Amino acid sequence: MSLLEYLREDPACRDLAAGAVHAVGPALDDPDPLPVGACLDEWANLLAGRMPLPWNTHKALDALNDLLFRELGFGNRDAVLNLHLGFVHVRAEFEGDG
């Protein structure tokens, strides 16, 4: 499905991950948004269990940075590729992180 077709079905783009996958679909081997959404859900669940209670913005950002840059390995060397959601998901699957 192209991004245009997706936006015709869901003009509000309620599923941002699906919209992102459809936007870069031609560059992907498998433009199915479901695996990407599942990967993002898994990462969100990992992060949710690390959020500080009571809430503390600085500690929450520390937990997010720790997950993204230490555990999942997203760093400055990959900054451009990390902007491409499909590559992030494919790389995570290849490396066994997602």
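As the structure is a computational prediction, the values presented were derived from the model and not from experiment.
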Sequence neighbours left out, cut at 3.5 Å: what donor-acceptor pairs do the side chains of residues 27-35 make with other protein atoms?
from	atom 1	to	atom 2	distance (Å)
Asp30	OD1	Asp32	N	3.2
Asp32	OD1	Leu34	N	3.0

Review point. Mind checking what makes side-chain hydrogen bond (donor to acceptor under 3.5 Å, both in side chains) contact with Arg8, not counting sequence neighbours?
Key: none
Check your understanding: In Å and rounded to the nearest 0.5 Å, what is the CG to CG distance from Leu61 to Asp66?
Key -> 12.5 Å
**Study point:** With sequence neighbours excluded, residues passing salt bridge (charged side-chain N to carboxylate O under 4.0 Å, His left out) with Asp41
**Key:** none
**Study point:** Residues which pass side-chain contact (heavy atoms from CB on, under 4.5 Å) with Arg14, listed by chain and number, not counting sequence neighbours
**Key:** Asp10, Ala12
Practice item. List, by chain and then residue number, the residues other than Tyr6 in its hydrophobic cluster (Ile/Leu/Val/Met/Phe/Trp/Tyr, side-chain heavy atoms under 4.5 Å); write none if there are no others. Key: Met1, Leu3, Leu7
Practice item. Under the side-chain contact (heavy atoms from CB on, under 4.5 Å) rule, collect the residues that match up with Asn56, sequence neighbours excluded. Key: Pro52, His58, Lys59
Exercise for review: Output all residues satisfying side-chain contact (heavy atoms from CB on, under 4.5 Å) with Ala38, sequence neighbours left out; order by chain, then residue number.
Suggested key: none
Practice item. Name all residues meeting the side-chain contact (heavy atoms from CB on, under 4.5 Å) criterion together with Leu67; count only those two or more places apart in sequence or in a different chain, and write none if there are none. Key: Leu46, Leu47, Arg50, Glu71, Leu72
**Study point:** Transitive ILVMFWY side-chain link Val24 to Leu4, under 4.5 Å
**Key:** no
